[in-house]
Structure formats: structure tokens, C-alpha cells
Number of protein chains: 2
Amino acid sequence: MRAIAVPGSNSETTRRDNLSALLREVHLAGPRSRSDLVALTGLNRSTVGDLVAELAGQGLVREQRGDSLGAPGRPSPTVHADSDGALVLAVSIAVHWLTVATVGLGCVVVERVRRDWSGEPPSLDRVLGDIHEMSRSLLARPGVHERLVGVGVAAVGPVRSRDGYVHFAPNLGWTAVPMAERIADLLDLGVPVMVRNQSDLGARAEHLRGAGVGVDDLVYLYCDVGVGAGIVSGGRPLVGARGYAGEVGHMTVDPEGSPCGCGSRGCWETVVGERALLRNAGHDPDGGVHEVDAVLRSAETGEPTAVAAVEALARPLGIGMAGLVNLFDPRVVVLGGLFARLAPLLMPGVETELAQRVLSVDREPVRVIPSRLGEDAPLLGAAERAFEPLLADPLRGFARVATVRDGGAMANV
Amino acid sequence: MRAIAVPGSNSETTRRDNLSALLREVHLAGPRSRSDLVALTGLNRSTVGDLVAELAGQGLVREQRGDSLGAPGRPSPTVHADSDGALVLAVSIAVHWLTVATVGLGCVVVERVRRDWSGEPPSLDRVLGDIHEMSRSLLARPGVHERLVGVGVAAVGPVRSRDGYVHFAPNLGWTAVPMAERIADLLDLGVPVMVRNQSDLGARAEHLRGAGVGVDDLVYLYCDVGVGAGIVSGGRPLVGARGYAGEVGHMTVDPEGSPCGCGSRGCWETVVGERALLRNAGHDPDGGVHEVDAVLRSAETGEPTAVAAVEALARPLGIGMAGLVNLFDPRVVVLGGLFARLAPLLMPGVETELAQRVLSVDREPVRVIPSRLGEDAPLLGAAERAFEPLLADPLRGFARVATVRDGGAMANV
DNA sequence: AATGTTTGTGGTACGGTGCAACAAACGTGA
DNA sequence: TCACGTTTGTTGCACCGTACCACAAACATT
């Protein structure tokens, strides 16, 4: 017989779902009066009072005397997420830098540390060592351990969602890294470690707290060195069967094009990625962040070859983006990473291709906008992902787990 | 304040969800013993008994004495969906033909009528007239009206899910058709009329009852005259902000390619669609179904130019498919419509491109398989879509609606 | 200061599922 | 043929969660 299709509901699931809805609301949307929560959920006043009291008892939310804003009637107390009530450790691994932060409920960054790498891409051991060291200083603060509910990691390359395994990261030269397991062993915290692709987490952050708030269908295009996308469709992240969805960088755009690090040729990434920009500008394609900065500064001053190098990305970017728009029908495309920095120079060329190639149905044109969270998007997305089990079940979120590498049931969330 | 994010749960929603889970199970998976339902849902024996009794009271399911299959213990009665308990009218509009059917719960086709068009594509009025006439004979059967819960329509071209509006259908020469409204006015049945794109509905049918049963992540590639895709991700259909997701036919594959009916140029559809096949074979690109049959028969006998014409589709098909696989990370790609008929000849070339261009992470290779439902897929998907409101809320499914054009809350299901 | 409005609070009612005991229906083995 | 173990339906009751109602508290208005 088939596995459980839809597990049945009972009073426990009802309670859990309602607690989850309230905690998620104050976590994502900020402080809310209790009467607002009544209106939002449609639940009864007494029920909301009871639920909020339970969340407050767990230390997850706090209530403050409501201030009357000139309205008649008894003021409703304000409920807000307690940023000390639960914490996560968020890690963002990029090709050129590493960020580690402790983040409190409500997505409040408590403390953050960043380390830049220059020259050659760092080895895996170097990165793991840095994560270890930087985390230790953050976790040493009093009370942090007790309130820690998870670790979220944004990684370069395709990540298998089931167990946070990174099969390869061509732009870092890594292969076969059981990333979640390595980090879990390293930190030994007894909380779940969730590893996801940086683009997927960037999309999550922009959707929940950035340029895509309130937009349930968006495509987030991210360029670190390679190019990836995170897709939110119907308010849910698109993950795919194993977690590899969104690998737009390796769509073939020219069957006879240049070889790509992935083994194929003519991948989109070879014509719109960081290396393509540097090559266009006559710089060393592997020059890294400093060379990119140099090209950007030149382009901003109007230096012709630099401007031309940037603008040469616009057409293939626009053509590929048009395909993505036809595929996903998003309301918004958010440009992240390098694309966000290049946005002013890229937009005219991109818009030209979109106008020509997006299926012109009745819709208002797709809005293409730069990221609002910038380089922090993957980090904040990692934090949000780590909070997810607590938000889904506020009473069990603190349970220490035996298996610390992701969670089967929550693999595709 | 923001709109309701997550409506609260109470005992009513619990009851509704559990009734829905049971009805959906017997509708989709066929007859189930009550003890199976207990195991599947995790609900208590008494609860399942009560729920089944309520569904039986509504005439939606029936119980039969269970036959003991040599196992000890009291036999559990078999619960099966009552195919007379609820009916939908399913309509499938293709470029070359039209099918109308009444379909009972459990997706039992009660009666079906098909009409082929030859020569020029039919006018909108002709099609609507045929739908009217064919439906009337099906609906004239005694008892049909009372048990009818909805109308599902598979249409050519992008369909706006909110209201079933077809902005244009280039392969039929239609523009600006409020299809759901037109059909609702035509039939005047007082039940919701849901119009969706044929590829989206084909994907739904293959997912629920065809080649993709049990596969929660699949891409369904459908070729009627144009090329479209229906995507199921995480068990849910991908719809996009307005319902236009999956328009793969108009991804640019050659920026300088031939012009397409959509106004752009170099669209995928121009190199892998029906017209491309006929052009490759030296036939009239607009020759329609008879010319296609002629090419297929020649190819099957090994006639070289016909074989070459088919095989010439394989490479661009494989390249584009590789991009889709990288984007969606499906477990299965289902070939529908013309692609299913061409599958044996196309597969070698397609597999070559996939092997080269799909990001070779640890996954087992994507399986590319032909449709199991063939030309019926969009029809059955339309039926499934029409059953959805009943399955989601078995007690209210029979309520006659004032607004018969789709449903706001269920627009993106 | 009186009044109307809005909201929190506490007690009770209602609905849904879970549980335990019993009965029914089967196969097995003496 | 009958006693026994096993599995499952059935029934009455307990438990849990939310809804409802009445009342009190806290505000603005007049």
C-alpha cells in the first residue's frame, strides 16, 4: 500500500497549526496587536489570548501594553517575537567570502562576523576551520546555547536537500562534500544543520523580507561567480525532487558555445557570469573580486570598454530571463549578487529583450528589480530556513535531535 | 494590514480536511479497505468509521462487504468512490479535434464524444457550438444534472487561471476569448467552469493517473501543434502568478531564429513543433493531422527523409529538455501528444543531449517516458481539475454557485 | 462624569477525535 | 465441530481545542 498521502488531522494538529500561524505572523510581519491577530486568523478572541499566552510561556513572544492611537476602546496589547527567545546560527559561504551570524526570532541579527578571502579560492578545510572559529566566538555569549534551535548554511553549488550533500562546487574546486554532516560534527550542537544552495536561500530571504515581500511568485537571479536562481512559486520555494531545482546557470544557450566548468558547453553562465564580464573587459577571468571591482569602477566613470563589457551581458541575460519568465510566470524578477550591482547598466538591454521575447499576454510587464538585501540575502535566507522547524511546530522546536543533519519530513520546505 | 496569511484551524477545518483526505484517497487510489484507510491516515478506527459513514450518506462513497483474503480476523469492508455519486463534464479542445465526456468520481469515463476537424482550424463559434451540442446529449441522461459538480476545460494557448481567460491562441487564430465565461453562459449549469491550458491539465492527469503516478516532481512536455509544458513540483502543479507558467514553447533557443506566431523569433516551438516536423519532411507546415500521419507512417517504414525529419527534432528537443531538467530537477519527463508518438525515434538523440547537458550530480539519470494516457491526458486532467473543489470540501461540493467562472480561492490549485 | 466602543477574561457549550471494552467475523488446530 | 487467537467494526465516554457569551477593563467623546 502507498505511503501516507495526507495524514489525518486532530486537535493536536489544530493547536500546532494555530500556534504556528501566530508565531510565523509576528516573526515575519513584526509586532501585531492581539486584535490584529484575531482579524488575521479569524480565530476567536479567547482562543488567540490562550495561544499567545502559551507562546509567551515558551518565551517565544512577549506582550507589551498597547498604546491607544486615538482610537476608542480598550487598547490591545502588542505581541512581538522575542528576539532572545530563539536563535539560529546562519552561515553564508560565497566564493570570495564567508559570513557567520547569530540571528534571533524576528530575523534580528544579533552578531555577525565576516571574513574575505583574496586570491585563490579557499580549500574546504580552510572554510570549515573558519566556520568553526567564527561560530565559537558567537556561540560563547551567555544564554546562546540554550536558545539555539538550528543552523542554516548557504553553500555554493547544487545541494541535495535530503541530507545537505554538495556533490561538487566547480567555482570552489570542491567535490563530494557531505556539508551538513561535516558542519554538524564540527559544531556538535545537537540542533539540525540545514544546508541549501545560496540562490535558493537568497530567494527565500528576498521573498520573506526583501524586494519580494508580498509577492508569491518570483524568480531570484543570483550571480556570485556562477549563476543560479531561486524560485518562489505560489508562495513556496521550488526545490525539485532532490533539491537541485533552479540551476539556471547550466541551461544551454549556445549548443556550440564555450566549455563550462560543469562539463557541458554553451551554458548560460559562460556568457553572463563573473568570468564572462572579466573576459569582456579584457581582465583575467579568474581575477576575482578585486578585478570585478575595478571593472565596475571603470564602468561607473563611463570608461567605454568597461561599459561595453557590462552591456554585453545585458542581451544574453535578457534572453535567458525572458525564457524564465515564460516558464514561471513570476510577478517580479529580483536581481541579486553581481547582477544587483550591475543593474543600472544592464536594465536597458534586458528590458529590450524582455519586451520582445516574453509572451505578451494581458499581464502587466514583469518587474525586474534589484535585491534589497544585497549580499546578505543568502545569509538571512539560511537563518529563515533554520527557523522553519520552530515556526512549523513552536512547542517542539527546542527538542534536541539525535540526527542533526537536516530533517526528512522538512527536506523539501 | 495584510490579508489573511494563514487562516486559523478549528474543528470544522479538521473535519473537512479528514473527509477530504479519505475521499481523495479512494478517488485517486481506488477501492481501499477501511483498515487501510486507518493505516494511511493515522486516524482512529472509530473516526474513520464515522467519516466514511458521512461520505456514504452524501452518496460519494459506497461500502462493500470485505472479502477475507485468507487472513485471520474480521474482514474490513471495502470503500470505493461512487462513480455515480458525483460527475463532471470534461472538455478537451485541441487544434485538430474536440472531445467532450462525462466523468464520474474515481475518474470513470461515463460517456464520451469526439469530433475531428479537417482542413482549416475551426472558428471559435464553431467550437463553442460543437461543445454545446455534444454536451447536451451527454447531460440529457437521467440524473446527470443533479450530480454534476463542475466543468473542466482544456484549452489551447495560455489561460489566465483567475477567470479562465484566453488572451490568444496563435495556432487557432483566436484572440481575447473569455473562455470560462462563454462556456458557462452557453451551458448554464450553475456549476463552476474551470479552464486551463492543455499542457497543465495533461501533466495533472499523468501525475494522478498516468505515467507519473507516485512521482511528485515531473515535467510533462506536450506537443499539439505548439509546444507546452505542465510542471508538477513537490506534488503541486506549477501555475505562476496568473496561470501562465509552463510556456516552454516560447523560450528563445536561437536569438536570430525564424519568426514565431507569438511575435518573437527563435522560439523552441519553431524548431521542435508540428510545423517544424512537416517542414523538415518537405510537407506543407500547415498540413495538419493528415500530413503528420503521412510523415509518421513513412518514418515507421524507414523512409530516409521522414526518419531524418523526425530525428532532426531530437537534438533541439534534448537541448531544451536538459535546460528544463536543470531548472526543475524532475524525477521523470513525460512526453505527451505528438512527442509521445515520435518517442521511439526521438529518444536516442534526446538521451545524447541529456547525458551531455544535464548537470551531472549524484542523481540517477532522469527518466524520459512516453505518456500513458495519450491524447486523453488533457481531457482527464480537466475532469480532475473539475473534481478538485469537491475533493477539497466534500460536504460543500454540491453547492450551486452564483459566480460560475472559476473560483478565487481555488484559482491556483 | 456619563456614555459608547473596543478588547481582555473567565466560564460554559459544542464539535471532533482518541480510547477502551465489547461484539462480530474470520482462520487455525485439535 | 468447537475452542482459540486475531483483526476489525461499534459504542459510549473522555479529552482537547475552539466558539460563544457575559462581564469587566481601558480608552475616546461629549
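Just so it is clear: chains get the letters A, B, ... in the order the sequence lines come, proteins before strands, and each one is counted from 1. Quick note: numbers below take in every heavy atom, side chains included, and nothing from hydrogens, waters or symmetry partners.
DNA chain C is contacted by both A:S76 and A:N10; A:S76 maps to the nucleotide lying nearer its 5′ end (nearest heavy atom per residue). Residue order along DNA chain D, read from the 5' end via each residue's closest nucleotide, puts A:E12 first among A:E12 and A:P72. Along DNA chain D, the nucleotide closest to B:P75 and the one closest to A:D50 are compared, and the more 5′ of them pairs with B:P75.
Listed by chain and number, the residues in a salt bridge (Lys or Arg N to Asp or Glu O under 4.0 Å) with A:R74 amount to none (sequence neighbours excluded). Applying the side chain to side chain contact (heavy atoms under 4.5 Å, CB included) test to A:R24 and every residue at least two apart in sequence or in another chain returns A:S20, A:L28, A:E388, A:L391.
A 4.0 Å heavy-atom criterion places the boundary nucleotides of DNA chain D facing chain A at D:dG17 to D:dA28, written 5' to 3'.
Rounded to an integer number of Å, the gap from B:R15 CZ to C:dG18 C1' is 14 Å. One can place CG of A:L43 at 13 Å from P of C:dG8, the figure rounded to the nearest angstrom. For the pair B:L395 CG and C:dG16 C1', the computed distance is 13 Å after rounding to whole Å.
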Please write out each protein N/O paired with an N/O of nucleotides 19-24 of chain C under 3.5 Å, distance rounded to 0.1 Å.
unit_1	atom_1	unit_2	atom_2	d
C:dC19	N4	B:S46	OG	2.6
C:dA24	O4'	B:R74	NH1	3.4

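The pair A:R141-A:E111 counts as a salt bridge, with a side-chain nitrogen and a carboxylate oxygen less than 4.0 angstrom apart. Salt-bridge formation is detected for the pair A:E25/A:R32: a Lys NZ or Arg NE/NH1/NH2 atom is positioned less than 4.0 Å from an Asp or Glu carboxylate oxygen.
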Trace of the side-chain hydrogen bond (donor to acceptor under 3.5 Å, both in side chains) decision for B:S33 with B:T78
CA-CA 4 Å; B:S33 75; B:T78 301; over 6 Å; no
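Within the structure, the ring pair (Phe, Tyr, Trp, His ring centres under 6.0 Å) test picks out the following pairs touching residues 15-47 of chain A (sequence neighbours left out): A:H27-A:F387. Every pair passing side chain to side chain donor-acceptor pair (under 3.5 Å) that includes a residue from residues 54-63 of chain A is listed here, sequence neighbours excluded: A:R15-A:E54, A:R34-A:E63.
As judged by a 4.0 angstrom heavy-atom cut-off over every strand, B:S9 is placed among residues touching the sugar-phosphate backbone only. Across all strands, A:R16 comes closer than 4.0 Å to no nucleic acid atom at all (heavy-atom distances).
Across every non-hydrogen atom of A:A241 and B:P330, the tightest pair is CB-C, 4.4 Å.
Atom CG in A:L23 sits 5.5 Å away from atom CG in A:L390 (nearest 0.5 Å).
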